[in-house]
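Step one of this worksheet: look at the structure below.
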Number of protein chains: 2
Amino acid sequence: MKDNDRKFDILYSIIRDYIKTAEPVGSRTIEKKYNIGISSATIRNEMADLEEMGYLVQPYTSAGRIPSDKAYRLYVDRFMKKVDVDSYIKEDVRNLYRQYFGELEEVMNKTAQILTKLTNLTSLVSTPNISGLNIKDIHLIHIEDERVLLVVITEQRIVKSAEIRLSGIPTDEMLEHVANFLNLSIKDMMTEFRASDFASRVDALTPGEQKIVGEVVNTIKLIFNSEEDNRVISNGVTEIFRYPEFRNDMDRTKRFLEAIHRKDLLSYLFSTVQDDSVSVRIGEENGMEELSNCSVISATYKINGRPVGTIGVVGPTRMDYDYCVSVIETLTNELTNHLDETIGGGK
Amino acid sequence: MKDNDRKFDILYSIIRDYIKTAEPVGSRTIEKKYNIGISSATIRNEMADLEEMGYLVQPYTSAGRIPSDKAYRLYVDRFMKKVDVDSYIKEDVRNLYRQYFGELEEVMNKTAQILTKLTNLTSLVSTPNISGLNIKDIHLIHIEDERVLLVVITEQRIVKSAEIRLSGIPTDEMLEHVANFLNLSIKDMMTEFRASDFASRVDALTPGEQKIVGEVVNTIKLIFNSEEDNRVISNGVTEIFRYPEFRNDMDRTKRFLEAIHRKDLLSYLFSTVQDDSVSVRIGEENGMEELSNCSVISATYKINGRPVGTIGVVGPTRMDYDYCVSVIETLTNELTNHLDETIGGGK
DNA sequence: GTTAGCACTCACCGTGCATGAGTGCTAACA
DNA sequence: TGTTAGCACTCATGCACGGTGAGTGCTAAC
């Protein structure tokens, strides 16, 4: 209905203005800055309606209005426009990635830095989760005495290593036997499993070697399930000082910074992201009262089409959703492409 | 001289009181809370002297006095007492370490956590610098195509790995030749070098293998010199909100947090720590105006008697120097012992 | 040399008042 | 019937003012 169109035009203007200024928006501001073509008195009436509908909030009786979480939700669902994140930025990103093939840690750090640079928000990047990936290759390297380095390569060519402390000192020969056994057994699982083959290989191992197999398998389980391996890197946490609603409110800033430094909260935050498309969680939608004044925009990146991690930004609910969503979208794609080009493509 | 003794008794009381309360200290407070045995009027006179000598500062005409950096310096140099960091804490620390043998990253993180827990300050821990260590062993693992994982073990049994992208695709045989060559050459360097042996080994390599040698050596150089490998881990950055002089001053808090998140500043901060004993840098002494309201207490930890890294705390100049110095001292020793027990002892 | 006493300073806090941005309501207009 | 001008009203903000109290420096007496 035409009626509501005008209402939402006004709401749209208020949201845009508030995102820009962080100041409550009054009816005269709308009349002058956005030419809706009606007087401030009429706008006032509409604003009263919008407040009743739950889209606007008045901090105190004679102040302008502030958009509610519900208003931002409407904005994101209905009014958001795709922004063309300039192609030169894409070029820039590719150049940055180019030098960091393979070294996942570096790639993730760089991604977080770029995110912050582009959005002026705190960025979060989770390292790739490898728990669902298949193992291609196992290596055991003797460090000294009972210390052994385990190197695991997945079919996606992601390399993980961990130190194992065995209960006894192995010979190089024992380690070789164990590694061979494990590699063959893996191939076994991947193709057709023949119990007889497996049993004969196990029997060929000495009791000492069998014990080592157990210890190695335990460590592999640990590597593939530890949350250490799906941890969240943050960047630009002090960007929050840019925003007056935080800069003038020590308590709010304190709560934000304390939350952002709690790795468990960040993991939780990302654990609930959907697999597909960009997720926008506004205010209380993120389910964490520590970040109730904040919105989170995030998306998952993939390796070989399989979602393995999440990147995102956190900032005041008053953030530029159009731009940030586009940035996240673009960067997720770039990251996915980059990973597929460098470590993906395992047959 | 007896005269000065009384002056410094007063100064000592003022410092202790200010460390505890963060409020300017007046003459009557000293008279009542610390029984020096003289009246407030006399104390006032002494305080005026101490101000003239540069030990005290008056924020405004009719306020109490605050110790200057110079006062803290005197305090640390002359009045500081060793605190017995309770033995149960030591036991606690050892228990925590016990489960993290070998995994350097974890040990360093844990150390930072303990430091913060004990001191309620932001803690900094630099990862061990391996640039001066000798290589014991080199392994090359083929990941796929031209990607190779290089694993280096030092004589101290520190394990480092890095991915190399070669300019061509090597065979497993080539990698074996190269690894053998490098391992033999290392042993060569360590004992007596015979040019003829070396030359004959080089000649036994194909041109392709020699090229790989070059690429591997470059990467080794990178590993052993990159500052990535001497980076600084921080913990408890939001502890700063405990302290009223920060909690009531957004600007100061902002500057502190921005500095603490700049890895380059932290590296710089630690690059100037002396090798021996605990270093205390008060206020401007740390040479960074970003942290001019802060003091830094730090000490180096060692592996096999060789200093390889630094641990420390940063906080308001008004910190409990006695306690913090003792904590740092104890923890440095514990860390050094732990490292020697687990990864040290390489013959 | 020490101390009591006193005048003085100044941050801090509460109060009162003017200002102005913004509202809601009413009545007139198209 | 929707729109608008006008007006009374609200309330945060900023500022001036005065009282309070913690603390000082100085002086004079002990």
Side-chain angles (χ1 to χ4, degrees), chain A residues 1-11 13-15 17-18 20-68 244-245 247-249, chain B residues 1-11 13-15 17-18 20-68 244-245 247-249:
Chain A
M1 49 200 92
K2 206 178 137 203
D3 234 30
N4 275 353
D5 274 4
R6 190 179 69 183
K7 256 192 191 48
F8 290 131
D9 273 1
I10 293 171
L11 182 58
S13 303
I14 293 173
I15 295 174
D17 201 78
Y18 187 69
K20 206 183 290 173
T21 65
E23 299 281 319
V25 187
S27 53
R28 292 204 56 205
T29 310
I30 298 298
E31 186 188 18
K32 280 186 288 179
K33 285 193 3 195
Y34 308 83
N35 46 345
I36 312 271
I38 47 179
S39 77
S40 66
T42 311
I43 294 173
R44 270 204 292 288
N45 288 330
E46 300 285 29
M47 281 165 83
D49 288 356
L50 285 165
E51 180 166 0
E52 210 174 331
M53 294 161 78
Y55 291 114
L56 293 178
V57 172
Q58 218 172 356
Y60 50 90
T61 325
S62 74
R65 257 99 169 185
I66 288 178
S68 66
E245 60 267 52
R247 197 173 49 232
N248 300 323
D249 187 339
Chain B
M1 50 200 89
K2 202 177 142 205
D3 231 30
N4 275 351
D5 275 3
R6 191 179 66 182
K7 257 191 189 46
F8 291 132
D9 273 0
I10 294 171
L11 181 58
S13 303
I14 294 173
I15 295 174
D17 201 77
Y18 187 69
K20 205 183 291 173
T21 65
E23 299 280 320
V25 187
S27 53
R28 292 205 54 205
T29 309
I30 298 297
E31 186 189 18
K32 280 186 288 180
K33 285 197 355 197
Y34 307 82
N35 46 345
I36 312 272
I38 47 178
S39 78
S40 67
T42 310
I43 294 174
R44 272 203 290 287
N45 289 331
E46 299 286 28
M47 281 166 84
D49 287 356
L50 285 165
E51 181 167 1
E52 210 173 332
M53 295 162 77
Y55 291 114
L56 293 178
V57 172
Q58 219 173 356
Y60 50 89
T61 325
S62 73
R65 258 98 169 186
I66 288 177
S68 67
E245 60 268 53
R247 198 171 49 231
N248 301 321
D249 187 338

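Here is the naming used below: chain letters follow the sequence lines, and residue numbers restart at 1 for every chain.
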In short, salt bridge (charged side-chain N to carboxylate O under 4.0 Å, His left out) pairs touching residues 53-62 of chain B with sequence neighbours left out are none

Is there any salt bridge (charged side-chain N to carboxylate O under 4.0 Å, His left out) pair reaching into residues 23-40 of chain B, and which pairs are they, with sequence neighbours excluded?
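Only B:Asp17-B:Lys33 qualify under salt bridge (charged side-chain N to carboxylate O under 4.0 Å, His left out).
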
Can you check the [X] [atom1] to [N] [atom2] distance for me, whole Å?
{"X": "B:Arg65", "N": "C:dC10", "atom1": "CZ", "atom2": "C1'", "value": "14 Å"}
{"X": "B:Asp49", "N": "D:dT24", "atom1": "CG", "atom2": "P", "value": "14 Å"}
{"X": "A:Asp17", "N": "C:dG22", "atom1": "CG", "atom2": "C1'", "value": "14 Å"}
{"X": "B:Ile14", "N": "D:dT24", "atom1": "CD1", "atom2": "C1'", "value": "13 Å"}
{"X": "A:Asp5", "N": "D:dG2", "atom1": "CG", "atom2": "C1'", "value": "17 Å"}
{"X": "B:Met47", "N": "D:dC26", "atom1": "CE", "atom2": "P", "value": "15 Å"}
{"X": "A:Lys7", "N": "D:dT3", "atom1": "NZ", "atom2": "C1'", "value": "14 Å"}
{"X": "A:Asn45", "N": "C:dA27", "atom1": "CG", "atom2": "P", "value": "15 Å"}

Interatomic distance, [X] atom [atom1] to [Y] atom [atom2] [nearest 0.5 angstrom]:
{"X": "B:Asp9", "Y": "B:Ile14", "atom1": "CG", "atom2": "CD1", "value": "11.0 Å"}
{"X": "A:Ser27", "Y": "A:Ile36", "atom1": "OG", "atom2": "CD1", "value": "12.0 Å"}
{"X": "B:Ile38", "Y": "B:Ile30", "atom1": "CD1", "atom2": "CD1", "value": "10.0 Å"}
{"X": "A:Ile10", "Y": "A:Asp5", "atom1": "CD1", "atom2": "CG", "value": "11.0 Å"}

For nucleotides 14-20 of chain C, print each protein N/O atom paired with a nucleotide N/O atom at under 3.5 Å, atom names and distance only.
none

Side chain to side chain donor-acceptor pair (under 3.5 Å) filter on A:Ser39, not counting sequence neighbours, yields A:Thr42

Tell me which pairs pass ring pair (Phe, Tyr, Trp, His ring centres under 6.0 Å) where either residue lies in residues 21-45 of chain B, with sequence neighbours left out.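 Residue pairs passing ring pair (Phe, Tyr, Trp, His ring centres under 6.0 Å), neighbours aside: none found.
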
Review item, side-chain donor-acceptor pairs of residues 47-55 of chain B, under 3.5 Å, at least two apart:
from    : atom 1 : to      : atom 2 : distance (Å)
B:Asp49 : OD2    : B:Lys7  : NZ     : 3.0
B:Glu51 : OE1    : B:Arg65 : NE     : 3.0
B:Glu51 : OE1    : B:Arg65 : NH2    : 2.7

Within residues 52-61 of chain B, the residues having a heavy atom closer than 4.0 Å to DNA chain C are B:Tyr60, B:Thr61

Fill in: For DNA chain C, the residues among residues 26-44 of chain B that have a non-hydrogen atom under 4.0 Å from it
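Per residue number, the list reads B:Ile38, B:Ser39, B:Ala41, B:Thr42, B:Arg44.
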
Nearest heavy-atom approach of A:Ala22 to A:Pro244 is CB-CG, 3.9 Å

On a heavy-atom basis, the closest approach of B:Pro24 and B:Tyr18 is N-CE1, 4.0 Å

Pairs under 3.5 Å (Watson-Crick or G-U), crossing ones as [ ], inter-strand ones as |: DNA chain D comes out as ||||||||||||||||||||||||||||||

Contacts of B:Asp249 meeting side chain to side chain contact (heavy atoms under 4.5 Å, CB included) (sequence neighbours excluded), chain-then-number -> B:Asp251, B:Arg252

Atom pairs and distances, donor-acceptor, side-chain atoms in residues 56-64 of chain B, under 3.5 Å, two or more places apart:
from    : atom 1 : to      : atom 2 : distance (Å)
B:Gln58 : NE2    : B:Thr61 : O      : 2.7
B:Gln58 : NE2    : B:Ala63 : O      : 3.2

